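None of the values given here were measured: they were computed from a predicted structure. Index from 1, following the sequence.
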Amino acid sequence: MTRGRPFRRVLVANRGEIAVRVVRGCRAAGLESVAVFSEVDRGARHVALADDAVEIGPAPAKESYLSIPKLLAAAKSAACDAVHPGYGFLSENAEFARAVEVAGLVWIGPPPEAMEAMGSKIASRARMTAAGVPVVPGALITASGTFEEILSLGLPVVVKASAGGGGKGMRVVSSASELSEAIASCRREAAAAFGDSTVYVEKYLEKPRHVEVQVFGDHHGTVVAIGERECSLQRRHQKVVEECPSPAVTPGLRARLAKAAVDAAKAVGYVNAGTVEFLLAPSGDFYFLEMNTRLQVEHPVTEEAFGVDLVLLQLAVAAGQALPPLPSSPSRHAIEVRVYAEDPEAGFLPQAGRVLLYREPAGPGVRVESGLVEGQDVGVYYDPLLAKIVASGGTREEARRRLVAALAETVILGVSTNVAWLRRLLETKEVAAGEIHTGLLESLVVPAAPPPPDEAYAAAAVALSRAPGAAGGGAPAFADPFDGLFRAGGGA
């Protein structure tokens with residue numbers, strides 16, 4: 001078994017901003033990094049920053065970033081002795097984790113057994129119940145079963161796919177007449193997305209908050225919680241804004257959430273970084289939702305609020321080191337927004353195009369995580385997440401105001417983004433007051449964007465005239481326009 005031993009050269013099995021983050025973490029730890037890239041990512045930022053890089057196939061993810069044989073071959077050809085999966089792609093794939101270990105490499109993540117234990121929502125619910133972790137009342141749907149048990153929960157209920165995540169297949173049912181079709185459609189979508197049509201139902205909680213706890217375990221039996229994150233601002237079950245700490249969590253509630261999260265992690269022998277997600281009812285009661293067996297997209301807010309570096313901790317734990325003493329309460333407040341290539345005025349449809357001009361914000365308490373460069377083509381092959389902008393301060397309001405100002409400084413021309421919409425969202429009275437819940441964005445009216453000023457069109461024209469290939473064509477040259485690659489706070 002290759003768990004918990006030193007390594008020197010890490011294959012970063014991902015792309016975009018998380019690959020950049022891991023490459024910088026390796027550099028800060030004195031380790032070498034090797035990037036992988038598909039044909040369309042040849043000039044990407046993570047490739048330029050890594051110590052070495054290996055091409056792994058065509059643009060479609062299943063032929064490159066989701067190909068276990070190609071990733072293992074890349075690790076072997078580049079003489080890597082460890083693999084960091086980032087998040088997304090194969091990060092929660094137990095088969096990949098096991099294949100990495102069988103190949104004699106260190107897997108920078110949880111044991112595959114823990115991933116399997118938490119991979120099924122039905123199985124994980126049973127484990128959590130046995131461990132004394134509160135679980136939302138629910139029922140498994142069988143092919144021959146009746147709806148009596150479901151209806152006994154009381155409507156509304158939510159129908160969910162047992163495998164996968166991201167809200168795929170999820171249906172909220174408010175009347176008995178809708179139940180049969182909701183179950184059938186959920187099964188179809190679950191089978192298509194995850195290859196598993198198993199579904200179950202839970203009691204639907206009215207206006208809950210989505211609060212998750214960062215947990216960390218080492219190979220010496222220590223498991224700790226590093227605060228909670230508020231992730232209630234979601235659109236179509238996808239997180240949009242995250243913050244740490246939650247404005248609804250008191251020190252006493254934080255301690256109870258931490259204990260439940262640690263109990264959950266210990267129940268599956270958890271090691272490395274993970275997140276235990278809960279629904280927090282207005283009454284203050286909370287219920288286990290699921291566990292994400294990887295580093296989360298929103299990990300920077302925990303880093304900023306607690307003064308820790310989660311990627312460095314991942315690397316240290318994977319190398320067999322014991323966890324150091326870690327803070328139990330936050331010293332700052334941090335808020336993160338996800339910048340997507342999408343058009344808010346057209347139903348948030350994903351967008352494609354060439355980035356003609358890109359300028360990141362800066363200033364006290366501002367941090368940017370991005371894999372974006374000028375001249376880059378944003379296509380349809382991968383997730384439309386372009387960057388994460390984080391602001392921190394001594395209070396929630398200071399962090400919020402800094403983030404609003406940072407978004408005002410952010411410039412991305414050539415592809416439509418949600419930057420302006422995020423800025424307006426943060427200025428709504430509900431978000432400013434922290435009075436949020438998971439269904440808020442379904443009903444919240446975010447003011448429409450004003451038409452862009454004439455100078456925006458002028459800037460776009462100048463950028464277009466200077467864009468690679470503007471005169472005479474030619475392949476784009478992906479040159480990083482920034483001298484300062486590191487942002488203050490949260491590690492490298």
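Residues Glu95 and Glu116 fail the side-chain proximity criterion, which asks for heavy atoms closer than 4.5 Å. By the 4.5 Å heavy-atom criterion applied to side chains, Lys388 and Pro300 are counted as neighbours. Counting only heavy atoms from C-beta outward, the side chains of Ile18 and His299 approach each other to under 4.5 Å. Counting heavy atoms from C-beta outward, Leu313 and Pro324 have side chains that approach closer than 4.5 Å. A 4.5 Å side-chain heavy-atom check between Val390 and Val301 finds at least one atom pair inside the cut-off. Contact of the Phe286 side chain with the Pro134 side chain is registered, since non-hydrogen atoms from C-beta on lie closer than 4.5 Å. Counting heavy atoms from C-beta outward, Cys80 and Glu32 have side chains that stay 4.5 Å or more apart. Put simply, the side chain of Glu360 does not reach to within 4.5 Å of the side chain of Thr410, judged on heavy atoms.
Ion pairing between Glu435 and Arg209 fails under the 4.0 Å rule for side-chain N and carboxylate O. A salt bridge does not link Glu242 to Lys239: none of the charged nitrogens lies less than 4.0 Å from a carboxylate oxygen. Contact check on Arg171 versus Glu189 returns a salt bridge, with a Lys/Arg side-chain nitrogen under 4.0 Å from an Asp/Glu carboxylate oxygen. In this structure, Glu303 pairs ionically with Arg367, as a charged nitrogen and a carboxylate oxygen lie closer than 4.0 Å.
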task = Give the C-alpha distance, both sets of side-chain angles, the deciding distance and a yes or no for side chain to side chain contact (heavy atoms under 4.5 Å, CB included) between Val262 and Val224.
result = CA-CA 6 Å; Val262 169; Val224 299; 5.6 Å; no
key: Intermediate values then yes/no, side chain to side chain donor-acceptor pair (under 3.5 Å), Gln296 and Arg294   = CA-CA 6 Å; Gln296 289 279 79; Arg294 53 170 167 80; 2.5 Å; yes
task = Would you please test Arg8 and Asp81 for side chain to side chain contact (heavy atoms under 4.5 Å, CB included) and show each step?
result = CA-CA 7 Å; Arg8 64 173 185 84; Asp81 50 1; 3.5 Å; yes
task = Go through the steps to decide whether Arg24 and Asp309 satisfy the test salt bridge (Lys or Arg N to Asp or Glu O under 4.0 Å), and finish with yes or no.
result = CA-CA 11 Å; Arg24 291 174 173 171; Asp309 188 316; over 6 Å; no
request  = Decide side chain to side chain donor-acceptor pair (under 3.5 Å) for Gln314 and His84; before the verdict, give the C-alpha distance in whole Å, the side-chain angles of both, and the deciding distance to 0.1 Å.
outcome  = CA-CA 9 Å; Gln314 281 194 295; His84 193 303; 2.8 Å; yes
query = Is there a side chain to side chain donor-acceptor pair (under 3.5 Å) between Thr275 and Arg229 once you walk through the steps?
reply = CA-CA 10 Å; Thr275 303; Arg229 294 186 287 258; 3.1 Å; yes
task = Give the intermediate values and the outcome of side chain to side chain donor-acceptor pair (under 3.5 Å) for residues Tyr270 and Thr293.
result = CA-CA 9 Å; Tyr270 204 83; Thr293 53; 5.0 Å; no
inquiry  = Please determine whether side chain to side chain contact (heavy atoms under 4.5 Å, CB included) holds for the pair Leu310 and Ile226, giving the CA-CA distance in whole Å, both sets of side-chain angles, and the decisive distance to 0.1 Å.
reply    = CA-CA 10 Å; Leu310 296 178; Ile226 315 174; 4.0 Å; yes
request  = Evaluate the side chain to side chain contact (heavy atoms under 4.5 Å, CB included) criterion for residues Glu336 and Val241: first the C-alpha distance (whole Å), next the side-chain angles of each, then the deciding distance (0.1 Å), finally the verdict.
outcome  = CA-CA 6 Å; Glu336 171 185 293; Val241 180; over 6 Å; no
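Closest non-hydrogen pair, Arg127 versus Ala117, comes out as NE-CB, 3.5 Å. Across every non-hydrogen atom of Ala261 and Val215, the tightest pair is CB-CG1, 3.7 Å. Here the shortest heavy-atom pairing between Ala97 and Met115 reads CB-SD, 3.9 Å. Between Tyr358 and Ala387, the closest heavy-atom pair is OH-CB, 4.3 Å. When all heavy atoms of Ala161 and Cys186 are compared, the closest pair comes out as N-SG, 3.8 Å. Between Ser370 and Leu386, the closest heavy-atom pair is OG-O, 3.4 Å.
For Glu409 (side chain) and Ala406 (main-chain N/O), no donor-acceptor pair under 3.5 Å exists by modelled atom type. A donor-acceptor pair under 3.5 Å is absent between the side-chain atoms of Asn292 and the main chain of Leu295, judged by distance alone. Side chain of Ser392 to backbone of Ala399: no donor-acceptor contact under 3.5 angstrom is found. In this structure a side-chain-to-backbone donor-acceptor pair under 3.5 Å is missing from Gln321 to Val317. A donor-acceptor pair under 3.5 Å links the side-chain atoms of Asn418 to the main chain of Arg338, judged by distance alone. Side-chain N or O atoms of Asn14 include one that pairs as donor or acceptor with a backbone N or O of Pro85 at under 3.5 Å. When atom types are taken as modelled, the side chain of Asp41 and the backbone of Ala44 share no donor-acceptor pair closer than 3.5 angstrom. Of the possible donor and acceptor atoms, one in the side chain of Arg27 sits under 3.5 Å from a partner among the backbone N and O of Leu49. Checking side-chain atoms of Asp383 against main-chain N and O of Leu385 turns up a donor-acceptor pair under 3.5 Å. Side-chain atoms of Arg125 come within 3.5 Å of backbone N or O of Val136 as a donor-acceptor pair.
One distance of note links OG of Ser77 with CG of Asp52; it measures 8.0 Å at 0.5 Å rounding. Between the CD atom in Glu304 and the CD1 atom in Ile335 there is a gap of 12.0 Å [rounded to 0.5 Å]. Annotation: the span from Phe278 atom CZ to Glu290 atom CD amounts to 11.5 Å, rounded to 0.5 Å. Thr222 OG1 to Leu326 CG: the interatomic distance, rounded to the nearest 0.5 Å, is 10.0 Å. A distance of 10.5 Å separates CZ in Arg396 from CG in Leu403, rounded to the nearest 0.5 Å. Distance OH/Tyr65 to OH/Tyr382: 5.0 Å, rounded to 0.5 Å.
Checked by atom type, the side-chain pair Glu243/His333 shows a donor-acceptor distance below 3.5 Å. At a cut-off of 3.5 Å, with distance as the only test, no side-chain donor of Thr395 or Glu397 sits close to an acceptor on the other residue.
Stacking of Arg15 on the aromatic ring of Phe37 is not recorded, the 6.0 Å distance cut-off and the 45° axial limit not both being met.
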